[in-house]
Engineer: 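Here it is: the structure, laid out below.
Quick caveat, the model's predicted, so the values are computed rather than measured. Atoms considered below: every heavy atom in the structure, side chains included; atoms not considered: hydrogens, waters and symmetry mates. Each chain gets a letter, A, B and so on, in the order its sequence line appears, and its residues count up from 1.
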Amino acid sequence: MPWLPPQSRPFFSELVELIQKRNLPKGKAFHGRLIRNGQASSCLYIANCIVNLYAKCGDLVKARIVFDRIPCRDVVSWNCLINGCSQLGSSSSLGVVMELLKGMMVENVLPNAHTFAGVFSGGLDVTGGRQAQAVAFKIGCFGDVFVGSSLLNLYCKSSIVSDARKVFDEMSERNLVSFAAMISGYASQRLAKEALDLFGLVRIEEDESGNEFIFTSVLSGLTVPELLDTGKQIHCLALKYGLLCFSAVGNAIVTMYSKCGSSDNALQMFTLFDDKNSITWSAMVTGLAQSGDFEKALKLFSSMHFAGISPSEFTFVGVINACSDLSAIEEGKQIHGYSLKLGFESQMYVMTALVDMYAKCSSISDARKGFDYLLEPDIVLWTSMIGGYVTNGDNEAALNLYCRMQMEGIMPNELTMASVLKACSSLAALEQGKQIHGRTIKYGLGLEIPVGSALSTMYAKCGSLEDGNKVFRRMVTKDIISWNAMISGLSHNGHGNEALQLFEEMLYEGTKPDYITFVNVLSACSHMGLVDRGWSYFNMMFDKFGLVPKVEHYACMVDILSRAGKLKEAKEFIESATIDHGMCLWRILLSACRNYRDFELGAYAGEKLMELGSQESSAYVLLSSVYASLGRKEDVERVRRLMKLRGVSKEPGCSWIELKSRVHVFVVGDELHPQIGDIRAEIRRLWKHIMDEEDCLPTFELASAYSFAV
DNA sequence: ATAGGGTTAG
């Protein structure tokens, strides 16, 4: 049967050429001619070629029609169709590929190595891959290098490197292709050591120096500064073996230098590059942006135009990120315009970068416009938009969008859940948070760092400390953020001792605290009135961990001292502070002086604030009340006039609470709540209770809150 | 006649 009659030979060679060129229009015309002169179905060779022609050109419908008309299809006919589907690579194609594999076996056509190589290179579905793997094993195609390489590549692409390695180890024959696939699998998982080990093995086992594929793969895994020297050595090897003429190798070297923190080497490599292509430019622009050289990145981006290379979607993503980090919205908008001009308006990655940029630049409505433009946003774009709302403080919008996403049946990922949980934390929306917790379990997301941390924070912030702690204890790996979240949760809910205990436990486990940890620890000391421990933690920051205390830490210290009534000590501490502390320290002292009725010191602190030009209304209100207590009426007037003169006004206070799925909002001075009468009566009752209590002197804040409320 | 690997991105 596989025989090509002499009269078909000229047609055959012309067909092969059309297939190689993927020339569908000419191919169609040629197919028409073959039908007219009766050659189309003269032999299986020609028929298969025609199936292959349509399949390679992506016209699977036509390929299938021709295929269905072949009277006795052989394994090649099926393989052509399968490969066509594989190369389309759409999400639905894997199902089709599996159907075809089944179909051929039903017709008693035995698959061969070509079949499986095609099947494995088609989709990214692991389940399908495993099924087909079993069939390949049974039929005895498993030993083939092509089959093994494409299967291990499938596992790599699905991020299951361990399974890929199993296939790799079990292969009876390996070649450079199998090595390249395996190395790149490790590299993409950032397992540089494993990738380098295999790279070394290539030279022993294959007795070869490798090829351009091996080099690009191993280079792409070198992404941290510690590997810079290794990267340099591999660069030298590439030079020695004459592989620098492959632009992919050069591109990988440029990226390697950027990621390993050597922009200089990257730029040098880039400058010496003979024929820079779009990838080279993108790699360099992105590299500069990621190293924090945003201006250089933007400059290089504009010179690209003059070099006659037009930016790709990759370049845009890189340069838009530079704008986000710079908060350079004007440049960002221009680049957005440029990307529209080049027709990237529907590119998912570009749009995600734009949404991030607008969100970071506080233009959340522009971010939303971009998001709405894409009809089928993928999960990363959904997550960026939701996360954008969260960073801009519009937590309701974040949750609304998340609900819409759920209704559209989009499966969230870890980062989506972490964002919506953060929204729940900020809103203190416990019920919603619990539901989302349920979802994470349903989706099998576990308690890995983004979700686990967000969950324990959410419970802690919503006052459900036990649940927060439960989640925290079940997390297998905790990072500093998880610890901070739990410590702060305990501290904020009045469990200062437990907060400090947890901090000690953290130190014991060898986790290094950061600035935020110390803010939480010091504020716990403040709530507990622990002056000595406060001092010891404050000193520990620099002495033990090399952390220079920031203004927040000074503020906590002032708070500790003044709450404990050590007002003079607090004043001396502020005046000896070596940092540019601004006004907040005096503001804390002033309020403490008011509460402790040390009006002289209060006036001193208040006048400091007046000198520094405070814009906080509370500073003026507090100081004038201090002067009122001292009976200095003219000073009261002066402070009030100053407040007016400087245009300081009071932001109305606002608070809310969620009860039985309803959110109750209160703004200072409003009468809107339907039960406002009952609420006021209850506040009066509580106030009376406080006043009746012995030794219970309400603070100034409490007293003013009371006077506002009733 | 049919097959496998690499470089840039959210």
Engineer: In whole angstroms, how far is the P atom of B:dG10 from the CZ atom of A:Phe316?
Structural biologist: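 In whole Å, B:dG10 P lies 16 Å from A:Phe316 CZ.
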Engineer: Between atom CG in A:Asn153 and atom P in B:dG6, what is the gap in whole Å?
Structural biologist: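 The distance from CG of A:Asn153 to P of B:dG6 comes to 5 Å, rounded to the nearest Å.
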Engineer: Choosing from B:dG10, B:dT8, B:dG5, which nucleotide comes nearest the side chain of A:Phe314?
Structural biologist: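 The listed nucleotide nearest to A:Phe314's side chain is B:dT8.
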Engineer: With respect to the phosphate group of B:dA3, does any side-chain polar atom (N or O) of A:Lys56 fall under 4.0 Å of OP1 or OP2?
Structural biologist: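 So the side-chain polar atoms of A:Lys56 do come within 4.0 Å of the phosphate oxygens OP1 or OP2 of B:dA3, strictly under.
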Engineer: Using whole Å, report how far CE of A:Met182 lies from P of B:dG4.
Structural biologist: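 Result: 19 Å.
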Engineer: Any Lys/Arg nitrogen of A:Glu17 or A:Lys21 sitting under 4.0 Å from an Asp/Glu carboxylate oxygen of the other?
Structural biologist: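 Salt bridge between A:Glu17 and A:Lys21, a charged N being under 4.0 Å from a carboxylate O: yes.
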Engineer: Classify the side-chain pair A:Tyr389/A:Arg368 by whether it contains a donor and acceptor separated by less than 3.5 Å.
Structural biologist: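 The answer is yes; a qualifying pair exists.
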Engineer: Base, sugar-phosphate, or nothing: which does A:Asn52 touch, judged by heavy atoms less than 4.0 Å apart?
Structural biologist: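 Sugar-phosphate, backbone atoms only, no base.
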Engineer: Choosing from B:dT2, B:dG5, B:dA1, which nucleotide comes nearest the side chain of A:Asn83?
Structural biologist: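 Selected nucleotide (nearest to the side chain): B:dT2.
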Engineer: Quick test of the criterion, 5.5 Å between centres and less than 30° between planes. Is A:Phe179 stacked on B:dG5 or not?
Structural biologist: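 One would not call A:Phe179 stacked on the B:dG5 base.
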Engineer: Base, sugar-phosphate alone, or nothing: which one does A:Ser217 contact when heavy atoms must sit under 4.0 Å apart?
Structural biologist: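 The residue A:Ser217 makes sugar-phosphate contact but no base contact.
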Engineer: Write down the distance between CZ (A:Arg9) and C1' (B:dA1), rounded to a whole number of angstrom.
Structural biologist: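 Distance, rounded to whole Å: 14 Å.
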Engineer: Whole angstrom is fine here: how far is it from CG in A:Leu44 over to P in B:dT2?
Structural biologist: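 For the pair A:Leu44 CG and B:dT2 P, the rounded distance is 13 Å.
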Engineer: Counting only side-chain nitrogens and oxygens, does A:Lys157 get under 4.0 Å of the OP1 or OP2 atom of B:dG6?
Structural biologist: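 A:Lys157 to B:dG6 OP1/OP2: side-chain N or O found under 4.0 Å.
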Engineer: Please check if the side chain of A:Ser86 supplies one atom and the backbone of A:Gly118 the other of a donor-acceptor pair under 3.5 Å.
Structural biologist: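 A pair under 3.5 Å: yes.
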Engineer: Expressed as a whole number of angstroms, how long is the span from A:His31:NE2 to B:dA1:C1'?
Structural biologist: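 So the two atoms are 15 Å apart, to the nearest Å.
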Engineer: What is the distance from CG of A:Leu219 to C1' of B:dT7, rounded to the nearest Å?
Structural biologist: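 After rounding, the gap between these two atoms is 9 Å.
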Engineer: Could you check which of B:dG5, B:dT8, B:dG10 has an atom nearest any side-chain atom of A:Tyr349?
Structural biologist: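 Of B:dG5, B:dT8, B:dG10, B:dG10 is nearest to the side chain of A:Tyr349.
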Engineer: At less than 4.0 Å, is any side-chain N or O atom of A:Lys259 found next to OP1 or OP2 of B:dA9? Yes or no.
Structural biologist: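 Answer yes for this pair, as a side-chain N or O of A:Lys259 is under 4.0 Å from OP1 or OP2.
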Engineer: Which label fits A:His31 and A:Tyr54: parallel for a plane angle under 30°, tilted from 30 to 60°, or perpendicular past 60°?
Structural biologist: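 Perpendicular, since the angle between the ring planes exceeds 60°.
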Engineer: Heavy atoms from C-beta onward define the side chain here; which of B:dG10, B:dT8, B:dT7 lies closest to that of A:Thr216?
Structural biologist: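 Of the candidates, B:dT7 comes closest.
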Engineer: Is there a donor-acceptor pair under 3.5 Å between the side chain of A:Asn175 and the backbone N or O of A:Ser178?
Structural biologist: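 Checked: pair present.
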Engineer: Is any side-chain heavy atom of A:Phe146 closer than 4.5 Å to one of A:Phe116?
Structural biologist: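 No, their side chains stay 4.5 Å or more apart.
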Engineer: Side chain of A:Cys49: nearest nucleotide among B:dA1, B:dG10, B:dG6?
Structural biologist: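 The closest nucleotide is B:dA1.
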Engineer: What I want to find out is whether A:Lys369 reaches A:Asp372 closely enough, with some N-O distance under 4.0 Å, to be called a salt bridge.
Structural biologist: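 Salt bridge between A:Lys369 and A:Asp372, a charged N being under 4.0 Å from a carboxylate O: no.
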Engineer: Grab the CZ-P distance between A:Phe246 and B:dG5 for me, whole Å please.
Structural biologist: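 Going from CZ in A:Phe246 over to P in B:dG5 covers 17 Å.
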Engineer: Out of B:dG4, B:dT7, B:dT2, which nucleotide sits closest to the side chain of A:Asn112?
Structural biologist: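 My answer, after comparing the listed nucleotides, is B:dT2.
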Engineer: Which nucleotide in the set B:dG6, B:dA1, B:dG4 lies at the smallest distance from any side-chain heavy atom of A:Ser149?
Structural biologist: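 Closest of the options to the side chain of A:Ser149: B:dG4.
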Engineer: After noting the C-alpha distance and the side-chain angles of A:Asn112 and A:Asn79, does the key distance pass the side-chain hydrogen bond (donor to acceptor under 3.5 Å, both in side chains) rule?
Structural biologist: CA-CA 9 Å; A:Asn112 61 14; A:Asn79 288 349; 3.1 Å; yes
Engineer: Planes under 30° and centres closer than 5.5 Å, is that true for A:Phe213 with the base of B:dG6?
Structural biologist: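 One would not call A:Phe213 stacked on the B:dG6 base.
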Engineer: Just checking, is any N or O donor in the side chain of A:Asp356 or A:Asn321 under 3.5 Å from an acceptor N or O on the other one?
Structural biologist: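 Side-chain D/A pair, A:Asp356 to A:Asn321: absent.
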Engineer: I want to verify a distance call: between B:dT2, B:dA9, B:dG5, whose nearest atom is closest to the A:Leu176 side chain?
Structural biologist: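 Per side-chain heavy atoms of A:Leu176, the pick is B:dG5.
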Engineer: Side chain of A:Ala248 only, please: which of B:dA1, B:dG6, B:dG10 is the nearest?
Structural biologist: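 Closest nucleotide among those given: B:dG6.
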Engineer: For A:Met284, which contact category applies under a 4.0 Å heavy-atom criterion: base, sugar-phosphate, or nothing?
Structural biologist: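 No contact.
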Engineer: Can you say whether a donor on the side chain of A:Asn321 sits under 3.5 Å from an acceptor on the base of B:dG10, or the other way round?
Structural biologist: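 Absent.
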Engineer: Name the closest nucleotide to the A:Phe12 side chain, picking from B:dG6, B:dA1, B:dA9.
Structural biologist: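 Nearest nucleotide to the side chain: B:dA1.
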Engineer: Ignoring hydrogens and geometry beyond distance, is the side chain of A:Asp378 in donor-acceptor contact with the base of B:dG10 at under 3.5 Å?
Structural biologist: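 Per atom types, the contact qualifies.
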Engineer: Could you check which residues of residues 131-146 of chain A get a heavy atom under 4.0 Å from DNA chain B? Sort them by number, please.
Structural biologist: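 Here the set is A:Asp144, A:Val145, A:Phe146.
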